[in-house]
Amino acid sequence: MPFVCGCRNLGEALRHIGEGTQMLRTKGEPDTGNIVEAVRHMRQVNEEILLLTTKPYDELMVYARDIAAPYELIKEIKKAGRLPVVNYAAGGVATPADAVLMMLLGADGVFVGSGIFKSENPELFAKAIVQAVANYEDFDLLAKLSRNLGQPMKGIEIATLAESEIMAGR
């Protein structure tokens, strides 16, 4: 049975893949309309993949130990330059522009829940986000899609959340 796990960095991603996950998601802060954590985690994974691809092969075993990741997956990522499973952005994505940003940062897809359902017009937001993701390199279309949608979900500053309410770190 395939399952999805969240990740904040390459070590978490590879441990979950080693456990059998079939898809990963960045662990943005859900239900906030605040994209900051999703961006931070996507960038962290990407930076660590880039670092891994530049490491000499004789350093890979030590690197695998240091990030507590399966050695075979470390070798696979060094060769491919990317994760061996789909990695999609989730948590805090609330607008077509948010979705496009995550695609430009390297997400394979985007999952949006409350960003749609807590907007003023969920149907329009859903359609606009789908079209934006499908055409994420067309900035003229993104500008058109972002017009006349109504109000997006109200964003929540993560610093205002109680520690017990923050999910991205879990």
Side-chain angles (χ1 to χ4, degrees), residues 1-17 19 21-51 77 81-170:
M1 174 64 78
F3 60 95
V4 179
C5 289
C7 67
R8 296 171 293 177
N9 57 53
L10 185 59
E12 282 184 0
L14 297 184
R15 286 189 295 278
H16 290 312
I17 293 167
E19 294 164 349
T21 191
Q22 299 296 303
M23 291 193 308
L24 289 168
R25 67 170 183 83
T26 55
K27 290 179 80 173
E29 196 57 49
D31 209 28
T32 63
N34 187 326
I35 194 77
V36 171
E37 292 300 311
V39 168
R40 180 176 291 128
H41 298 146
M42 184 64 72
R43 284 184 172 161
Q44 184 70 35
V45 170
N46 289 341
E47 287 171 16
E48 291 179 21
I49 289 172
L50 181 59
L51 174 69
I77 289 172
R82 62 167 284 123
L83 293 169
V85 300
V86 170
N87 185 21
Y88 67 94
V93 179
T95 67
D98 290 343
V100 165
L101 173 61
M102 296 311 297
M103 294 299 291
L104 291 171
L105 289 174
D108 296 309
V110 178
F111 176 84
V112 185
S114 59
I116 290 172
F117 298 109
K118 290 185 175 184
S119 70
E120 183 178 343
N121 192 329
E123 185 177 351
L124 282 180
F125 265 87
K127 287 178 181 178
I129 289 172
V130 167
Q131 287 183 336
V133 168
N135 301 283
Y136 69 92
E137 293 178 318
D138 185 342
F139 302 116
D140 290 332
L141 178 61
L142 173 61
K144 290 175 188 169
L145 292 170
S146 298
R147 290 187 189 114
N148 303 317
L149 292 175
Q151 290 297 309
M153 82 174 284
K154 184 177 190 253
I156 299 171
E157 176 56 47
I158 294 169
T160 66
L161 298 174
E163 193 171 324
S164 63
E165 296 175 303
I166 297 174
M167 295 185 68
R170 295 182 200 170

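Fair warning: this is a prediction, and the values are worked out from it, not measured in the lab. We're numbering straight along the sequence, starting at 1.
Listed by first then second residue, pairs satisfying salt bridge (Lys or Arg N to Asp or Glu O under 4.0 Å) with a partner in residues 128-145 number zero, not counting sequence neighbours. A salt bridge (Lys or Arg N to Asp or Glu O under 4.0 Å) check over residues 87-105, counting only residues at least two apart or in different chains, returns nothing.
Here Ala107 pairs with Met42, Ala89, Met102, Met103 under the side chain to side chain contact (heavy atoms under 4.5 Å, CB included) rule; sequence neighbours left out. With sequence neighbours excluded, the residues satisfying side-chain hydrogen bond (donor to acceptor under 3.5 Å, both in side chains) with Arg82 are Asp108. In this view, Arg40 and Glu37 satisfy the side-chain hydrogen bond (donor to acceptor under 3.5 Å, both in side chains) rule, not counting sequence neighbours. Residues that satisfy the side-chain hydrogen bond (donor to acceptor under 3.5 Å, both in side chains) test with Glu19, not counting sequence neighbours, are His16. Checked against side-chain hydrogen bond (donor to acceptor under 3.5 Å, both in side chains), Ser114 has the following partners two or more places apart in sequence or in another chain: Asp31. When the side chain to side chain contact (heavy atoms under 4.5 Å, CB included) test is applied to Leu101, the partners found at least two apart in sequence or on another chain are Val39, Leu105. Under the side chain to side chain contact (heavy atoms under 4.5 Å, CB included) criterion, Phe111 pairs with Tyr88, Ala90, sequence neighbours left out.
For the atom pair SG of Cys5 and CZ of Arg15, the computed distance is 11.0 Å after rounding to the nearest 0.5 Å. Note that CG of Asn46 and CG of Leu10 are 10.0 Å apart. Values are rounded to the nearest 0.5 Å. Taking OG1 of Thr95 as the reference point, atom CD1 of Ile35 lies at 7.5 Å (rounded to 0.5 Å). Between atom NE2 of residue His41 and atom CD of residue Glu12 there is a gap of 8.0 Å, rounded to the nearest 0.5 Å.
Side-chain contact between Leu149 and Ser119 is absent, with no heavy atoms from C-beta onward closer than 4.5 Å. Using a 4.5 Å heavy-atom cutoff, the side chains of Ile77 and Ile49 are in contact.
Partner of Leu24 under the side chain to side chain contact (heavy atoms under 4.5 Å, CB included) criterion, chosen from Leu83, Leu14, Val86: Leu83.
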Distance-only criterion, 3.5 Å: show the donor-acceptor pairs between side-chain atoms of residues 125-135 and protein atoms not counting sequence neighbours.
from   : atom 1 : to     : atom 2 : distance (Å)
Lys127 : NZ     : Glu123 : OE2    : 3.2
Asn135 : ND2    : Gln131 : O      : 2.9

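Nearest heavy-atom pair across Leu142 and Ser146 is O-OG, 2.8 Å.
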